[in-house]
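Each remark here refers to the structure printed beneath this line.
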Amino acid sequence: MFGVKQLVESGFCSKSLPSKYVFSRNDDDGSVVGNQDELAKVIPTIDFSLLTSGNPDQRSKVVNNLGNACRDWGFFMVINHGVSQDLMDGVVKASEDFFDLKEEEKRQYTGKTLFDPIRWGTSFNVRVDKTLFWRDYLKVHVHPQFNAPTNPIGFSETLKEYCKICREVASELLKGISESLGLEKSYINRKMKIESGLSHQLLVINLYPPCPQPELAMGLPPHTDHGLLTLLMQNQLCGLQVLHNGKWVPVNPLPYSFLVNTGDHMEILTNGKYKSVVHQALVNSKATRISIGTAHGPSLDTIVSPVEELVNSEADHLDPPAYRGILYREYLELQQSNQLNGKSCLDHVRIL
Ligand SMILES: O=C(O)CCC(=O)C(=O)O
Ligand SMILES: [Fe+2]
């Protein structure tokens, strides 16, 4: 298998993009890069420290902002989250070092199936991708069982520390989100078996090498994430776009912030009150972009369906269930074994 990094380093495609990477953009869906008004809109910012400060007034304001952000955007930037800049830099550096390992060493992680604990690969799913994406990746199941490549030295320790603190941030955000829905604070964490330490966490490191014709290629095509919440950070290079009101909005996060988005399971759980958000990653010709995401979900053996409190057919202001329940493990398999295609995976569970 040739990853994009190896392709670039071989000098084989220094001027033009090999045809199998030419991505046909769907211009018919009305989604064009946002105009100036759209770009002027900043994505919502959540000050995490105010959520955990112990001041009830501050907390209720942030809970309110969190609810609005989930409902109106499905995407927000989290600042003052308590993850140190050193640790964030350390994860980026360790990720670069991993991708710099010799091909033979990385090849031992060429995963065969989704539930291989560590998978190194390219594009999204080379078995079904019609176009290849300009992206190499490392995917690691890091919770409830922690896994990590043994090299580079120190990678495993750095990842372990980082993933643990991300779980803590995600769990606090889920408490705030529960409250924003009028549910008891620990509702989601309890129902999803996150409280009992069984949450599933997948770490995804994306590497997008410089591309000779970035306007023709695609890093990651329009898709939603599978879990409840994804926490994303990057090496200060932009490329992420979010679909908001039918327009692509480029996201320029503050340095050392987290970009958080709601995933398909948040949509299922909340019966569509908080929808998963479509996003894509573009590539550039200048430098290697790295993004690091942790997808936070319930335990793999949880059947997720809309929460009863949000679907009460007797109360006329609530909608009937719009999604059938599905085992989290089964959903993950569905998503990862098909092509990445907008919100199509949710069609498997949508009640029409
Ligand atoms: O690279 C990015 O900014 C987005 C990555 C992403 O959407 C993903 O890994 O699911
Ligand atoms: Fe994503």
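Worth saying up front: this structure is predicted, and the values here are computed from it rather than measured. In each ligand, atom 1 is the first atom listed, and ligand 1 is the first ligand listed.
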(message) Within the 3.5 Å criterion, strictly below it, is a donor on Gln213 or Lys15 matched to an acceptor on the partner's side chain?
(response) no
(message) I'd like to know whether ligand 1 has His279 as a neighbour, heavy-atom separation below 4.0 Å.
(response) yes
(request) Provide the number and element of each atom of ligand 1 under 4.0 Å from a heavy atom of Leu220. (result) 5 (C), 6 (C), 7 (O), 8 (C), 9 (O)
(request) Have a look at His81 and tell me which of Tyr162, Phe258, Tyr256, Phe48 forms a ring pair (Phe, Tyr, Trp, His ring centres under 6.0 Å) with it. (result) Phe258
(message) Just to check, does Arg289 reach to within less than 4.0 Å of ligand 1 when the distance is taken from its heavy atoms?
(response) yes
(request) Indicate whether any N or O donor in one side chain lies under 3.5 Å from an N or O acceptor in the other, for Asn55 and Ser53. (result) no
(message) Below 3.5 Å, N or O to N or O, backbone or side chain included: is there any such pair between Arg135 and ligand 1?
(response) no
(request) Taking the Fe ion (ligand 2) as the centre, count the protein N/O/S atoms lying under 2.8 Å from it. (result) 3
(request) Might you point out which heavy atoms bring Lys5 and Leu207 nearest each other, and give the distance in Å? (result) CD-CD2, 3.7 Å
(message) Could you check whether atom CD1 of Ile153 has more than 12 heavy atoms from other residues, nucleotides or ligands sitting under 6.0 Å from it?
(response) no
(request) For ligand 1, note which part of Asp225 has a heavy atom under 4.0 Å away: side chain, backbone, both or neither. (result) side chain
(message) As an exercise, identify every atom of ligand 1 less than 4.0 angstrom from a heavy atom of Ala281.
(response) 1 (O), 2 (C)
(message) Heavy-atom contact check, 4.0 Å cutoff: does Tyr137 meet ligand 1?
(response) no
(request) Give the residue and atom name of whichever protein heavy atom lies nearest to atom 4 (C) of ligand 1, and the separation in Å to one decimal. (result) Leu240 CD1, 3.7 Å
(request) Assign the ring pair His244 / Trp73 to parallel, tilted or perpendicular, where the plane angle (0 to 90°) is split at 30° and 60°. (result) parallel
(request) Could you check whether the rings of His265 and Tyr331 sit parallel, tilted or perpendicular, using 30° and 60° as the cut-offs? (result) perpendicular
(message) Can you confirm whether Ile43 sits close enough to Val251 that some side-chain heavy atom of one is under 4.5 Å from a side-chain heavy atom of the other?
(response) yes
(message) Looking at Glu103 and Lys106, is there a salt bridge between them, counting it only when a charged N and a carboxylate O are closer than 4.0 Å?
(response) yes
(message) Suppose we measure from atom 5 (C) of ligand 1 to each protein heavy atom; which comes out shortest, and what is that distance?
(response) Asn206 ND2, 3.4 Å
(message) Other residues, nucleotides and ligands only: do more than 12 of their heavy atoms fall within 6.0 Å of NZ on Lys193?
(response) yes
